[in-house]
**Student:** 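Please find one structure pasted underneath; my questions will follow.
Letters A, B, ... mirror the listed sequences (proteins, then strands); counts begin at 1. Note that the structure is predicted; figures quoted are calculated from it, not measured.
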Protein chains: 2
Amino acid sequence: MAELATSLRRGTLEFCVLAMVEHEHRYGTEIVRRFGEEPNLAASEGTIYPLLSRLRRVGWLDSKWAESPAGPPRRYYALTTDGRTALEHFRTEWVSFRQTVDRLVGTGEAA
Amino acid sequence: MAELATSLRRGTLEFCVLAMVEHEHRYGTEIVRRFGEEPNLAASEGTIYPLLSRLRRVGWLDSKWAESPAGPPRRYYALTTDGRTALEHFRTEWVSFRQTVDRLVGTGEAA
DNA sequence: CACAGTACCTTGCGATGCAAGGTAGGTCCA
DNA sequence: TGGACCTACCTTGCATCGCAAGGTACTGTG
């Protein structure tokens, strides 16, 4: 069986990325660092970069290069209209899904 | 990108199965049918049977055959001690994970 | 000009959801 | 008796995706 946390990330990680660039444009390394600070989501470069590529490919993220104050240029990501729609859709699905799991496994919080 | 619901299931499905046999022994087809009634978790035989085999293999589920009132015999599943421990562990992890996602994607329910 | 730091990306593997396909025992009814 | 149908089990093969490990390239420093 795979690591518990790893499996849980599946399916949510990409939307956490979308949410992360929703209000501010961010670049790869910055995103990796921020996820690293979340024990529940900690994901390395090997996860994040391919993910960012996928999100660009399906048209949920857009990117543009920008100079760095020091070091190589950075690729900054931003939500597209489709990306925003997908994120909204996820928010609805997530709440529903979360409630179902809470009910079935009984976290002790349900009524 | 895969189906949203499909990805979300990953990692939680197996614990929903454990929870389903926590208090009552159940057999494969019954479990499939019950999941079919949950729009968020709908999983077919092709998902459930291999999953049940894995759970047996790692020692979280135990099973014994029993006659059916009509039709072929059924394999009834029950939680092992290890299975119960794993389920408890999941409950803790899940609550923590769920809160992190709620906070990051902002479901509009957070404080 | 070597070295360390930052930033990007790719390769290969393992785990797992799932459609589709396969086996076998039981019931029903002509 | 025997064919159609149901129930119940399980396997095969494919696609997806997280991730460790490895790789390229630019920049500033001593």
**Student:** Identify, residue by residue, the members of residues 13-25 of chain B with a heavy atom below 4.0 Å from DNA chain C, and return them in order of residue number, or none.
**Tutor:**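 Residues of residues 13-25 of chain B under 4.0 Å from DNA chain C: none.
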**Student:** Could you tell me which residues satisfy salt bridge (charged side-chain N to carboxylate O under 4.0 Å, His left out) with A:Glu93, sequence neighbours excluded, listed by chain and number?
**Tutor:**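 Testing A:Glu93 for salt bridge (charged side-chain N to carboxylate O under 4.0 Å, His left out), a comparison that skips the adjacent residues, returns none.
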**Student:** Excluding sequence neighbours, so at least two apart, what forms side chain to side chain donor-acceptor pair (under 3.5 Å) with B:Glu88?
**Tutor:**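 Result, side chain to side chain donor-acceptor pair (under 3.5 Å) vs B:Glu88: none returned.
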**Student:** For the residue pair B:Phe97 and B:Trp94, does the interplanar ring angle fall in the parallel (under 30°), tilted (30 to 60°) or perpendicular (over 60°) class?
**Tutor:**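 B:Phe97 and B:Trp94: tilted rings.
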**Student:** What string of B, S and - do you get for nucleotides 23-30 of chain C, 5' to 3', when a contact is any protein heavy atom under 4.0 Å?
**Tutor:** --BS----
**Student:** Mind checking which nucleotides bracket the chain B contacts on DNA chain D, 5' to 3', with an atom under 4.0 Å from a heavy atom?
**Tutor:**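 The protein-touched segment is D:dT7 to D:dC17.
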**Student:** Applying ring-ring contact (aromatic ring centres under 6.0 Å, His included), name anything that partners B:Tyr27, two or more places apart in sequence or on another chain.
**Tutor:**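 Per chain and number, B:Tyr27 pairs via ring-ring contact (aromatic ring centres under 6.0 Å, His included) with B:Tyr76.
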**Student:** Could you tell me which residues satisfy salt bridge (charged side-chain N to carboxylate O under 4.0 Å, His left out) with B:Glu3, sequence neighbours excluded, listed by chain and number?
**Tutor:**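 Here no residue qualifies.
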**Student:** Return each pair, listed once, that meets salt bridge (charged side-chain N to carboxylate O under 4.0 Å, His left out) where at least one residue sits in residues 52-75 of chain A; pairs must be two or more places apart or across chains.
**Tutor:**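 Listed once each, the pairs would be none.
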**Student:** Apply side chain to side chain contact (heavy atoms under 4.5 Å, CB included) to A:Glu45 and list each qualifying residue two or more places apart in sequence or on a separate chain.
**Tutor:**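 By the side chain to side chain contact (heavy atoms under 4.5 Å, CB included) rule, A:Glu45 matches A:Val32, A:Tyr49.
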**Student:** Mind checking side chain to side chain donor-acceptor pair (under 3.5 Å) for A:Thr100 and listing every partner two or more places apart, or none if nothing turns up?
**Tutor:**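 Residues passing side chain to side chain donor-acceptor pair (under 3.5 Å) with A:Thr100: B:Asn40.
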**Student:** Just to be sure I understand the geometry, which residues of residues 51-61 of chain B put a non-hydrogen atom under 4.0 Å away from DNA chain D?
**Tutor:**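 Those residues are B:Arg56.
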**Student:** Please give me every residue in residues 38-49 of chain A whose heavy atoms get under 4.0 Å of an atom in DNA chain C, ordered by residue number.
**Tutor:**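 Correct list: A:Glu45, A:Gly46, A:Tyr49.
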